[in-house]
2 protein chains.
Amino acid sequence: MLDSTFPEVRSLDLFADMSDESYAKLMRGAYLQTFPPHVDLITEGEEADFLHVLVLGSVDLFSSWNNRETSVSIVKPVSTFILAATIRDARYLMSARTMEKSRIVMIPSQDVREIFDLDAGFARAVVVELAACYRSVIKTTKNLKLRTALERLANYLLSRSKDHNGAQHFALDLEKRQLASVLGMTPENLSRAFKALQAYGVAVSGENVELSDITELEKFAKPTTLIDDNQT
Amino acid sequence: MLDSTFPEVRSLDLFADMSDESYAKLMRGAYLQTFPPHVDLITEGEEADFLHVLVLGSVDLFSSWNNRETSVSIVKPVSTFILAATIRDARYLMSARTMEKSRIVMIPSQDVREIFDLDAGFARAVVVELAACYRSVIKTTKNLKLRTALERLANYLLSRSKDHNGAQHFALDLEKRQLASVLGMTPENLSRAFKALQAYGVAVSGENVELSDITELEKFAKPTTLIDDNQT
DNA sequence: CGAGCTCTTGAGGTCATTCAACTCAAGTGG
DNA sequence: CCACTTGAGTTGAATGACCTCAAGAGCTCG
């Protein structure tokens, strides 16, 4: 049970535009829970009983088939996951595990659907969030189908650089094995790919990345807002 | 301009639950248009001025980067496309072209967003549709990252067989070059993949497919509802 | 019947994976 | 304090998957 004393949750885009009454109803059956690192939160194939909202930490959304596993996306605060399964009252398509200590709000799916019908502000927020998720996955698909692994890595680095205000030097926010999985390659191949990008001024040491010639790297990577941007 | 005399449109899932008044408003600025085959409808990067609803025919949603092109998905009636861009008032992430003669309803994006706020039934339908689109792309991503080209083809064939009530014999509904693009491979590789699947009872002649041993093919392809089903 | 397709086939190369060994850094426990 | 362990990351060699380029086969349609 969760009362309205969590301004960090109330002020999320998803909840900001709804009435106090609707918010109270939504939170009546909700939990705010803190999980240790490397804990399984959900398993693909299960029913989507709860909408999850990540408030703090980070979560890996991954999927398995035939003894293979791949990371579909990494969730950072503040965002929801498995919104689509909640809406459709369907089964999870991805599993989720915490990567670090994480704080998560869990809202019963049925309540989400109920309040959606009652509160137009919430409905609009859900749709906007969902549309953003959709566009993000489309970009992932384009990235996978139109680019080689090397190109994906180059664009990933440029994208992280942009996140740091275009800094030439920054730290990877993922373990390399994890990054490899997100980019759709093996850890070994990632290692070689980093070496191959030395030709474009990329130097990596541990988690530290140095892009000494961003212009040259961009000439190779050809980033585009239609694949690489996170917003819109 | 489109009056309410198109029951085929009015009865679409997306519009079925809305009031007559909202529907009338929505259709006030809408067009119902018929396009010849192989016509470009939209180009990625443009602003999403219209929501498109495919009533008849088929449409290819594709994307380009660096002189490469890939088919992201094929739209069959009755469904919408670029709903997410419409919602977010953003730019198209994909281009669209007709594959055959197609009838399409085009609704101004602004009207869609307006009516969304006014009509709860419509809002709910939009969200359900969008969630379905999202889940479908997630499945595409999993398919691409977890399976080899051969496995993707095998599962595609099983999926088409299911569409025909589990028939052993059916016709491909796509040109092979198009199918190759959807599956993320080259036409040449598709050709070879068909040959490789002969070992599992697959025979192809022109557009005709014969699956003489579905059990054996399934043992290889390992289909799962978490990747291969179209619904839920 | 020839023009223009798609589709197929072959040869060769590139990209990426597998498997195994090795490095390195960070604990752990004697 | 130092071996021992552990796990991530790297490197190498061999293999496999997939692509490119080029040419030929089979279709369809005027």
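First the proteins, then the strands, lettered A, B, ... as listed; each starts at 1. Predicted model, so just to flag it, every value in this text is computed and none were measured.
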Q: Atom NZ of B/Lys145 to atom P of C/dA16: distance rounded to whole Å?
A: 14 Å
Q: Rounded to whole Å, please give me the gap between CZ in A/Arg68 and C1' in C/dT18.
A: 13 Å
Q: Counting distance only, does the side-chain N/O of B/Ser64 pair as donor-acceptor with the main-chain N or O of B/Glu69 below 3.5 Å?
A: no
Q: Within this structure, what is the CD-to-C1' distance between B/Gln178 and C/dC7, rounded to whole angstrom?
A: 15 Å
Q: As a test of understanding, state which of A/Leu54, A/Leu56, A/Thr34 forms a side chain to side chain contact (heavy atoms under 4.5 Å, CB included) with A/Ser102.
A: A/Leu54
Q: Whole angstroms only, please: what is the CD-C1' distance between A/Glu175 and C/dA26?
A: 13 Å
Q: May I have the list of side-chain donor-acceptor pairs in residues 202-217 of chain A shorter than 3.5 Å, sequence neighbours left out?
A:
unit_1	atom_1	unit_2	atom_2	d
A/Ser212	OG	A/Gly201	O	3.0
A/Asp213	OD1	A/Thr215	N	3.4
A/Asp213	OD1	A/Glu216	N	3.0

Q: Dump every N/O contact between nucleotides 19-23 of chain C and the protein below 3.5 Å, one line per pair.
A:
unit_1	atom_1	unit_2	atom_2	d
C/dC19	N4	A/Glu188	OE2	3.2

Q: Consider only side-chain N and O atoms of B/Asp228 and B/Ser159, and report whether a donor and an acceptor are under 3.5 Å apart.
A: no
Q: Applying ring pair (Phe, Tyr, Trp, His ring centres under 6.0 Å), name anything that partners A/Phe62, two or more places apart in sequence or on another chain.
A: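 Once residues adjacent in sequence are excluded, A/Phe62 has no partner under the ring pair (Phe, Tyr, Trp, His ring centres under 6.0 Å) criterion.
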Q: Strictly distance-based, threshold 3.5 Å: is any side-chain N or O of A/Lys139 a donor or acceptor partner for the main-chain N or O of A/Asp229?
A: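 Such a contact is found between A/Lys139 side chain and A/Asp229 backbone.
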Q: Rounded to whole angstrom units, what separation is found between the CE atom of B/Met185 and the P atom of C/dT8?
A: 11 Å
Q: Is the distance from OP1 or OP2 of C/dA16 to the nearest side-chain N or O of A/Thr186 less than 4.0 Å?
A: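 Result: no.
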Q: Quickly work out the B/Asn189 CG to C/dG13 P distance and round it to whole Å.
A: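 Value for this atom pair: 18 Å.
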Q: Would you be so kind as to tabulate the donor-acceptor pairs closer than 3.5 Å made by side chains of residues 163-175 of chain B, with sequence neighbours excluded?
A:
unit_1	atom_1	unit_2	atom_2	d
B/Asp163	OD2	B/Arg160	NE	2.8
B/Asp163	OD2	B/Arg160	NH2	2.6
B/His164	ND1	B/Arg160	O	2.8
B/Asp173	OD1	B/Tyr156	OH	3.1

Q: Could you state the CG-P distance from A/Leu190 to C/dC15, rounded to the nearest angstrom?
A: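 Interatomic distance, CG of A/Leu190 to P of C/dC15: 17 Å.
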Q: Taking A/Ser109 for the side chain and A/Phe50 for the main chain, is one N or O donor matched with an acceptor at less than 3.5 Å?
A: yes
Q: List in chain and number order the residues that pass side chain to side chain donor-acceptor pair (under 3.5 Å) with B/Thr70, two or more places apart in sequence or in another chain; answer none if no residue qualifies.
A: A/Lys145
Q: Reading DNA chain D from 5' to 3', where do the contacts with chain A start and stop? Cut-off is 4.0 Å to heavy atoms.
A: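 Answer, 5' to 3': D/dA8 to D/dA13.
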Q: Roughly how many Å is it from NZ in A/Lys176 to C1' in C/dA25, rounded to a whole number?
A: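 Atom-to-atom, A/Lys176 to C/dA25, this comes out as 13 Å.
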